[in-house]
Amino acid sequence: MVEKGIELILSTEIVKADLASKTLTSSADATFTYETLLIATGSSVIKLTDFGVQGAEANNILYLRDIEDADKLVAAMQAKKDGNAVVVGGGYIGLELSAALKINNFDVTMVYPEPWCMPRLFNKGIHIVKGTVAVGFDADANGDVTAVKLKNGNVLEADIVIVGVGGRPLTHLFKGQVAEEKGGIKTDAFFETSVPGVYAVADVAAFPMKLYNEMRRVEHVDHARKSAEQAVKAIKAKEAGESVPEYDYLPYFYSRSFDISWQFYGDNVGDDVLFGDNDPTAAKPKFGSYWIKDGKVVGVFLEGGSAEENQAIAKVARAPAAGGRRRGSQEGRTRLRCQSLNFSMHTHFILWTL
């Protein structure tokens with residue numbers, strides 16, 4: 001199918017890439033040649049069977065990566081209606097699926113190794129088990145999962161288990177042919193790899209993050225879209241003998257669970273400071289946190305913000321530090337200046353700069 005000069009070839013898996021000869025080979029042994037290659041292979045889901053977790057092959061231990069996975073999850077929810085669900089992992093998949101399962105009348109328990117997660121989920125009837133991991137599963141005579149065994153010795157009843165412990169960049173086709181870094185394919189600020197004419201974007205790209213002056217790899221739809229746009233602009237500019245600005249990305253994440261909707265910009269490193277009203281009994285609690293490193297606000301999180309407020313925190317996360325470097329203790333006390341950025345609903349964000 002060709003539309004707007006783009007040929008779409010479906011149901012075709014590329015099983016070999018030869019960058020030296022500029023050829024790709026499919027599972028049906030068809031050969032494709034190219035002048036410019038854009039690698040956008042994404043990530044594969046990490047499964048507990050990859051680590052040899054006992055019983056992880058049982059029925060109804062599910063993952064969510066594609067439409068087929070979603071169909072399996074819906075079928076399991078219908079078959080185990082109003083049952084016990086255990087969610088392994090406290091990231092996006094864990095948070096959002098826990099909310100969806102609870103809304104559908106499951107008794108939900110989240111298990112994750114980190115010491116923290118969104119505290120307001122406690123008030124929605126989701127059981128939180130933190131600081132431990134799943135080490136095994138029990139199943140009945142039909143092979144359906146019945147229990148999750150935890151490293152701390154506890155055992156959780158389960159009719160459904162959903163695992164969300166991350167993804168793995170799909171780079172195996174290009175191993176040994178391009179430079180790699182951070183678990184992905186190393187690129188420049190235009191997403192061109194070490195092989196001229198070969199570009200990599202989204203999950204698989206390790207690129208120079210200009211804002212922090214270091215190489216990063218980002219797994220998020222916002223970066224996927226923007227990196228692809230940058231690569232295409234760079235490719236077209238090179239064809240025309242022109243140039244485009246370097247990629248200057250501000251990390252951005254967002255999510256929604258129940259009535260909780262939040263946005264985060266920047267980096268969550270350094271000292272963190274909480275602000276706002278995080279009382280779960282409040283009619284419309286609005287709260288957040290910001291992170292300070294080397295005298296600069298490097299990241300801001302806001303729950304319950306308006307569009308205007310979310311735009312404001314993005315500007316704060318990107319803004320340069322004021323007043324230069326932090327002075328050492330031998331030069332006397334560090335002098336701080338405080339500015340107040342007023343949000344609506346009388347929420348105040350305090351920005352400290354040197």
Side-chain angles (χ1 to χ4, degrees), residues 43-66 69-70 72-73 76-77 79-80 82-170 182-183 203 217 219-220 253 255 257-258 260 262 264 268-269 272 280 289 301:
S43 298
S44 61
V45 67
I46 294 176
K47 296 186 176 183
L48 297 183
T49 50
D50 298 342
F51 308 106
V53 176
Q54 178 268 321
E57 69 284 347
N59 299 330
N60 296 327
I61 297 179
L62 306 168
Y63 301 82
L64 185 60
R65 191 68 187 178
D66 54 30
D69 291 337
K72 290 180 181 178
L73 176 57
M77 291 172 65
K80 303 293 184 177
D82 300 334
N84 296 308
V86 176
V87 177
V88 178
Y92 285 104
I93 294 295
L95 288 169
E96 295 177 0
L97 280 179
S98 292
L101 288 161
K102 188 62 183 178
I103 289 171
N104 282 277
N105 298 317
F106 278 83
D107 190 329
V108 183
T109 300
M110 282 183 65
V111 179
Y112 52 89
E114 296 83 9
W116 43 262
C117 194
M118 286 188 174
R120 286 186 67 202
L121 287 178
F122 282 108
N123 302 94
K124 296 294 185 178
I126 291 177
H127 312 293
I128 305 292
V129 180
K130 57 186 178 181
T132 191
V133 295
V135 295
F137 300 89
D138 290 335
D140 62 18
N142 295 320
D144 293 344
V145 67
T146 58
V148 181
K149 294 184 283 190
L150 305 182
K151 188 175 183 180
N152 65 8
N154 291 338
V155 177
L156 305 174
E157 292 185 7
D159 299 300
I160 297 176
V161 176
I162 301 95
V163 181
V165 293
R168 184 179 290 112
L170 288 168
K182 303 287 186 181
D203 290 10
R217 195 175 62 79
E219 297 180 3
H220 193 267
F253 302 93
S255 187
S257 297
F258 299 110
I260 303 170
W262 57 264
F264 172 81
N268 60 337
V269 296
D272 60 283
S289 178
F301 165 94

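Every value quoted in this text rests on a predicted model; they were computed, and no experiment measured them.
- A pairwise comparison of heavy atoms in Ala85 and Phe106 identifies CB-CD2, 4.1 Å as the closest pair.
- Using a 4.5 Å heavy-atom cutoff, the side chains of Ile128 and Tyr112 are in contact.
- Between the CG atom in Asn105 and the CG atom in Asp82 there is a gap of 5.0 Å [rounded to 0.5 Å].
- Classified by interplanar angle (parallel below 30°, tilted 30° to 60°, perpendicular above 60°), the ring pair Tyr92/Trp262 is parallel.
- Contact annotation: the side chain of Val165 never approaches that of Tyr63 to less than 4.5 Å [non-hydrogen atoms, C-beta and beyond].
- Residues Met110 and Leu95 are in side-chain contact: their nearest non-hydrogen atoms beyond the backbone lie under 4.5 Å apart.
- Open room surrounds NZ on Lys47; 12 or fewer heavy atoms of other groups in view lie less than 6.0 Å from it.
- Side-chain atoms of Arg217 come within 3.5 Å of backbone atoms of Lys182 as a donor-acceptor pair (strictly under, hydrogens ignored).
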Side-chain polar contacts of residues 154-161 - donor-acceptor pairs under 3.5 angstrom, sequence neighbours left out - could you list them?
| unit_1 | atom_1 | unit_2 | atom_2 | d |
| --- | --- | --- | --- | --- |
| Asp159 | OD2 | Asn84 | N | 2.7 |

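- What you find for Val53 and Gly136 is that their closest heavy atoms are CG1-N, 3.8 Å.
- Of the possible polar contacts, none joining the Asp140 side chain to the Thr146 backbone as a donor-acceptor pair under 3.5 Å is found.
- To the nearest 0.5 Å, atoms OG1 (Thr132) and NZ (Lys151) are separated by 7.5 Å.
- Considering CG of Leu170 and CZ of Arg168, their distance stands at 9.0 Å, rounded to 0.5 Å.
- Nearest heavy-atom pair across His220 and Asp203 is N-OD1, 4.2 Å.
- Closest of all the heavy-atom pairs between Glu219 and Gly167 is OE2-O, 4.0 Å.
- The nearest pair of heavy atoms linking Val133 to Pro113 is CG1-CB, 3.8 Å.
- Of all heavy-atom pairs between Gly183 and Pro169, the closest is O-CG, 3.5 Å.
- Within the 4.5 Å cutoff, side-chain heavy atoms of Leu101 are placed close to those of Ile162.
- For the atom pair Asn152 CG and Lys130 NZ, the distance stands at 13.0 Å (nearest 0.5 Å).
- Summarising the geometry, atom CG belonging to Asp138 is positioned 13.0 Å from atom CG belonging to Asp144; distances are rounded to the nearest 0.5 Å.
- For the side chain to side chain contact (heavy atoms under 4.5 Å, CB included) with Ile61, the lone residue among Val148, Val145, Thr49 that qualifies is Val145.
- In this structure, Thr109 has no side-chain hydrogen bond (donor to acceptor under 3.5 Å, both in side chains) partners at least two apart in sequence or on a different chain.
- Under the salt bridge (charged side-chain N to carboxylate O under 4.0 Å, His left out) criterion, Glu96 pairs with no residue at all, not counting sequence neighbours.
- One distance of note links CD1 of Ile46 with CZ of Phe51; it measures 5.5 Å at 0.5 Å rounding.
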